[in-house]
Structures are given as C-alpha cells and as structure tokens.
Amino acid sequence: MSSGLNTRAIHAGQEFDPTTGAVVPPIYQTSTFVQDGVGGLRGGYEYGRSGNPTRDSLQTLLGALEGGSIGTAFASGLAAEDALLRAVLRPGDHIVLGNDVYGGTHRLIARILGPWGVEVDAVEMSDKDAVRAALRPGVTKILWVETPSNPLMKITDIAALAEIGKEAGAIVVVDNTFASPALQRPLELGADVVVHSTTKYLGGHSDALGGAVITNDEEIGEKVRFHQFAAGAILAPMEAWLTVRGIKTLGVRMDRHSSNAAAVAEHFADHPRIERVYYPGLPTHPGHELAARQMSGFGGMLSLALKDGEQAARTFVESTKLFQLAESLGGVESLIGYPAEMTHASVRGTPLEVAPDIVRLSVGIEDVEDLLADLEQALPRS
Ligand SMILES: *Cc1c(COP(=O)(O)O)cnc(C)c1O
C-alpha cells in the first residue's frame with residue numbers, strides 16, 4: 001500500500017460494515033458460523049479458531065503497518081513467538097539471540113523448546129564477529145534480534161545482522177515490540193519475520209494482551225497460520241477489536257511517548273543522584289547514531305542507574321505516584337519497574353541478569369512536567 005503509516009493505521013482492514021454502514025466494523029463475538037447447507041460457508045468463515053472477521057481485520061492491519069503480506073495474531077506475545085518457533089524449528093536446530101533479549105523469550109526457548117531438542121546461544125549483538133562466530137551454518141535456523149533491547153536500550157543494526165544471518169542460512173526474526181512499526185520497520189531493513197507483543201505499544205492502553213507474527217515469506221507465514229489454527233493460541237475477538245482501536249492512534253502516541261521520554265532522559269542526564277541514563281535519544285548513548293539511522297524516533301522506554309545502588313533503586317520505584325509500579329510497558333499511562341526482580345526475575349543467575357541499581361521507565365503520554373515532578377519527589381535523598 002502506498003499510503004502513509006497513520007493512514008494505514010486507521011484504514012487498513014477497516015472497511016465499514018456493509019449491512020448497516022457502521023463506520024467501525026463490529027466485534028464478531030461468536031465461536032461459530034452458520035452454514036448454508038453442508039460446507040456452504042459465508043465469506044469462508046466456519047469456526048472461531050480457524051477464522052474470525054475481527055481477528056482478520058487486525059491481521060490485515062498488522063501486515064499493512066509492518067509492510068508484510070501475512071500477519072497472524074495470537075493470545076499473547078509469547079504465544080506468537082512459540083507458534084513461530086515451533087512452526088519453523090525441528091529438534092536439533094539452533095537459535096542465536098541477544099544476551100539481553102526479553103527474559104520470557106529466553107525462558108520459552110531454554111525451558112520449553114530446550115527439552116524438545118532446540119539449542120540456544122546468547123551473544124552480544126553489537127559485536128558482529130561474535131554473532132558470526134555463534135552462527136552454525138546449516139544448524140542455526142534462527143537469528144533472533146530485539147532492538148531497542150530491554151532494559152538497557154541497546155541498539156542492534158538490523159540491516160547488518162539480516163545480511164549476516166542470511167549468509168548463514170538463518171531466518172532473521174526481529175522483536176519489534178519496543179519501537180513499534182511507527183518508529184521502525186524491520187522487514188524493510190531485510191529481516192524475514194517481525195514478532196510483537198501487541199500488549200504493549202500497538203494496543204497502547206494496557207487493556208488487552210496479544211501477540212503477532214508478520215512476514216513477507218509466504219511459506220513461513222502459512223506455517224504460522226497453520227500453527228495458529230492447529231494449536232489454537234488465537235487472539236480472541238474482543239482483544240482483537242481493542243487492539244485495532246488502539247492502533248488507530250499509534251502514530252500520535254509514539255510521537256508523545258518519544259518526546260516525553262526524551263525530556264525525562266535529558267532531565268536526568270547530569271543529575272546528582274543518577275549514575276547513568278539509558279536512552280537511545282541521548283547523543284551519549286552508544287547506539288545513538290545507529291538508532292537515528294534505523295528508527296524514525298527514539299521511543300518511550302528508558303532506564304536509569306541510581307548512584308546509591310540497589311536500596312535507592314528499590315525505594316525509588318516504590319515512591320512514585322504517577323508512575324505506577326507494574327510489569328509491562330507501552331500504555332498511555334506511565335509505569336515504573338525494577339527489572340532485576342520483576343521483568344527479568346526469570347533470568348537471574350544467567351548472562352541475561354540485570355544489575356540491581358537499574359530502574360526501568362515506560363514513559364506515558366501524560367503532561368511531562370507532572371512526570372518530572374513525580375520522579376523528582378520519589379528520588380531518595382541521602
Ligand atoms: C512483553 C514482551 C514480550 C511478551 O509478550 P506477552 O504479550 O507478555 O506475552 C515479548 N517481547 C518483548 C520485547 C516484550 O516486551
């Protein structure tokens with residue numbers, strides 16, 4: 001489609017209801033569909049696991065946003081990842097991923113697919129030689145990239161890794177949850193597959209879990225679709241509708257998330273209580289230039305290392321009022337988290353462990369002066 005991202009976000013897959021003219025397509029909250037005689041399906045719909053018009057409208061929309069020909073929606077981000085992995089992997093296959101990949105992704109691969117015979121190596125993704133060395137041609141089936149990463153916002157060069165992965169015969173997968181297609185489109189940079197937790201920025205309102213796999217590779221896309229149908233981790237109609245509703249404002253939300261996060265990052269860049277700010281929008285961030293090249297904005301996520309260490313970090317996350325202490329990210333409301341014991345508890349004792357002085361902020365779209373005042377009042381004074 002040649003129209004711009006904001007136009008696609010509002011119109012792709014969203015034709016008005018032909019029966020009533022309703023501008024917003026209805027929620028098809030149904031498990032099955034009446035047949036006009038045996039096998040006489042209306043619009044191809046038979047049973048809610050194999051197809052539902054509300055889910056289809058979201059799948060079309062997701063494909064259009066990422067520039068992919070086939071999008072498939074699941075009950076959560078991890079359900080989407082699981083479907084993709086089991087659709088393309090066989091026992092004995094090998095995966096290379098980043099050493100700061102989303103903890104749940106590592107857990108899924110190591111603890112669910114591991115016993116099933118899949119091997120995994122976690123490497124430093126900014127070190128291209130390390131990635132090349134970890135890839136085993138013919139055995140490594142997937143090179144898994146997540147950028148910006150969680151929680152240190154490391155930036156990985158998608159185009160370079162897509163080339164390196166393809167040379168080794170691996171499928172290059174990018175988890176685009178943190179950037180969203182409003183800021184970064186991995187398929188255009190050479191990746192084979194994009195995965196999302198739509199729970200985060202795509203849905204954007206912290207009211208629906210969901211996940212997606214998007215690709216231009218028809219073979220992979222069809223395998224993932226078959227997995228969705230045959231294993232059944234589908235996205236429910238209400239969740240699909242809420243996600244479509246959220247996506248309509250993706251562009252304006254990401255603009256505000258990015259400008260608010262930039263203001264927070266700048267505020268704390270030279271702050272006496274803060275050791276370090278991790279935000280790709282700061283020129284001092286090691287991935288700044290790369291981010292400026294491959295993203296159209298720096299996003300709403302940042303992390304802070306507190307000078308006074310673990311106790312200060314714990315006190316800080318329990319003292320904010322607007323920033324609510326919760327897992328997850330990407331909603332309109334600001335959230336604060338303590339990765340070492342929350343999002344990254346599952347990777348403690350592994351190379352993916354997060355330092356105890358780090359706090360993570362999902363900067364929402366509230367008034368930035370209020371957000372800054374909240375963070376300042378919560379900083380422990382020594
Ligand atoms: C949340 C998240 C996931 C998992 O998604 P769920 O919807 O929670 O299952 C995967 N990747 C990233 C980067 C995430 O933030």
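Atoms within a ligand are numbered from 1 in the order they appear, just like the ligands themselves. Everything numeric here is computed off the predicted structure, so don't read it as measured data.
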Student: Out of Q59, Q228, R225, which residue meets the side chain to side chain donor-acceptor pair (under 3.5 Å) rule with T72?
Tutor: R225
Student: Of all residues at least two apart in sequence or in a different chain, which pass the side chain to side chain donor-acceptor pair (under 3.5 Å) check with E188?
Tutor: R185
Student: With sequence neighbours left out, write down each residue that passes ring pair (Phe, Tyr, Trp, His ring centres under 6.0 Å) with Y201, or none if nothing qualifies.
Tutor: H257
Student: Please determine, by modelled atom types, if S3 and R8 share a side-chain donor-acceptor pair under 3.5 angstrom.
Tutor: no
Student: Answer with yes or no whether the side chains of D217 and T215 bring together a donor and an acceptor at under 3.5 Å.
Tutor: no
Student: According to ring pair (Phe, Tyr, Trp, His ring centres under 6.0 Å), who are the partners of F316, at least two apart in sequence or on a separate chain?
Tutor: none
Student: Non-hydrogen atoms closer than 4.0 Å to ligand 1: which protein residues do they belong to? List them by chain and number, please.
Tutor: S76, G77, L78, E81, Y102, E146, D175, T177, F178, S197, T199, K200, G210, L329
